[in-house]
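As a basis for the values below, the full set of heavy atoms in this structure was taken, side chains included, without hydrogen atoms, waters or symmetry mates. Sequence positions, counted from 1, serve as the residue numbers for this chain. If you're wondering where the values come from, they're calculated on a predicted model, not measured in any experiment.
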Amino acid sequence: MKRELNCIGCPMGCNLTVEEIHGEFHVTGQECARGDKYAQDELTHPIRSLSSVIPCEGGIHPMLPVRTSCPIPKEQLFAVMRALRKVKAVAPIGEGEVLVQNIANTGADLIATRDMERIK
C-alpha cells in the first residue's frame, strides 16, 4: 500500500509518501520528525482538533468561537458537530471557560476561545 499525505504536524505542510512494507510504515518527504509521527498516526488512529462557533445569548457578538480542549478521533467529528447544534452560550464568558465537559463522550471538553462581554 502506498499513500500520499499532506502533513499538518507543523506549518511547513510537507508532502509525504507512506509505504507499508511487511506491516511497517516507511515515510518519505518529511522535513521534521513530526512528519513521521503524523503519518504513522494518520494511518493507524487519525485525530483532529475541532474549532467552530455557537450562538451566544446576551453577548456583544451573536456567535462565540469554541474548540475542543484536545484532538479527538476523526471518526467522532460528526458526533461532536451534532452535539454543538444543541449548545448555546450565555454571556458573560471568559476565554478558556469550559462550556461542555466530555462533549459527545470524546474525553474532550468544549471551551470558549475568546472573552464574550454581555450587552449593556
Side-chain angles (χ1 to χ4, degrees):
M1 172 187 84
K2 193 176 200 180
R3 293 222 17 217
E4 303 288 326
L5 299 173
N6 187 359
C7 183
I8 59 173
C10 80
M12 291 182 66
C14 298
N15 294 315
L16 307 177
T17 301
V18 185
E19 196 167 3
E20 186 177 2
I21 302 171
H22 304 297
E24 290 187 24
F25 295 112
H26 299 275
V27 182
T28 57
Q30 69 274 26
E31 295 290 325
C32 68
R34 290 183 197 173
D36 187 61
K37 179 170 176 16
Y38 168 77
Q40 302 274 342
D41 290 346
E42 185 65 13
L43 295 176
T44 58
H45 184 69
I47 57 174
R48 298 288 187 273
S49 293
L50 179 97
S51 298
S52 190
V53 293
I54 60 171
C56 186
E57 186 176 296
I60 60 172
H61 301 291
M63 303 297 280
L64 175 71
V66 296
R67 68 173 174 84
T68 53
S69 59
C70 60
I72 60 174
K74 188 175 174 182
E75 67 269 7
Q76 291 183 296
L77 287 173
F78 288 112
V80 173
M81 291 303 292
R82 280 191 300 277
L84 281 180
R85 290 185 203 142
K86 300 174 186 172
V87 178
K88 183 189 295 187
V90 178
I93 296 167
E95 180 180 354
E97 186 174 327
V98 174
L99 303 170
V100 179
Q101 291 183 334
N102 191 24
I103 189 155
N105 296 314
T106 59
D109 297 333
L110 183 69
I111 61 173
T113 59
R114 67 162 289 162
D115 292 331
M116 182 67 76
E117 297 175 22
R118 187 153 185 79
I119 295 175
K120 297 181 183 196

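- The environment of Arg3 atom CZ is sparse: at most 12 non-hydrogen atoms of other residues, nucleotides or ligands sit within 6.0 angstrom.
- For Thr28, the side-chain contact (heavy atoms from CB on, under 4.5 Å) partners are Thr17, not counting sequence neighbours.
- Rounded to the nearest 0.5 Å, atoms CD1 (Ile111) and CD (Glu97) are 10.5 Å apart.
- At a threshold of 4.0 Å, the pair Arg48-Glu42 counts as salt-bridged, since one of the basic side-chain nitrogens sits closer than that to a carboxylate oxygen.
- Under the 4.5 Å side-chain heavy-atom criterion for Ile, Leu, Val, Met, Phe, Trp and Tyr, Met81 and Val66 are members of the same hydrophobic cluster.
- Residues meeting the side-chain contact (heavy atoms from CB on, under 4.5 Å) test with Glu117, sequence neighbours left out: Ile60.
- Under the 4.0 Å criterion applied to side-chain N and carboxylate O atoms, Glu95 and Arg114 are not assigned as salt-bridge partners.
- With hydrogens and angles ignored, the 3.5 Å screen pairs no side-chain donor or acceptor of Glu24 with any backbone N or O of Ile21.
- Residue Ile103 holds its CD1 atom at 10.0 Å from NZ of Lys86, rounded to the nearest 0.5 Å.
- Asp36 places no side-chain N or O within 3.5 Å of a backbone atom of Gln40 that could act as its donor or acceptor partner.
- Considering only residues two or more places apart in sequence or on other chains, Ala89 meets the side-chain contact (heavy atoms from CB on, under 4.5 Å) condition with Ile54, Cys56, Leu64, Ile93.
- Heavy-atom minimum distance, Gly35 versus Gln30: CA-CB, 3.8 Å.
- The two atoms that bring Pro55 and Met63 nearest to each other are CA-SD, 3.7 Å, heavy atoms only.
- Evaluation of the side-chain hydrogen bond (donor to acceptor under 3.5 Å, both in side chains) rule for Arg67 yields no partner, not counting sequence neighbours.
- Val18 pairs by the side-chain contact (heavy atoms from CB on, under 4.5 Å) definition with Leu5, Phe25, Val27, Ala39, Leu43, not counting sequence neighbours.
- Put simply, CD on Glu31 and CE on Met12 are 4.5 Å apart, with the number rounded to the nearest 0.5 Å.
- Taking each heavy atom of Val87 and Ala83 in turn, the nearest pair found is CG2-O, 3.4 Å.
- The cluster map of Ile, Leu, Val, Met, Phe, Trp and Tyr, joined by side-chain heavy atoms under 4.5 Å apart, puts Val80 and Ile47 in different clusters.
- Closest of all the heavy-atom pairs between Cys7 and Leu16 is CB-CD1, 3.7 Å.
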List the atom pairs, with distances to 0.1 Å, where a side-chain N or O of residues 68-79 and a protein N or O form a donor-acceptor pair under 3.5 Å, not counting sequence neighbours.
from, atom 1, to, atom 2, distance (Å)
Thr68, OG1, Leu50, N, 3.2
Thr68, OG1, Cys70, O, 3.1
Ser69, OG, Asp109, N, 2.9

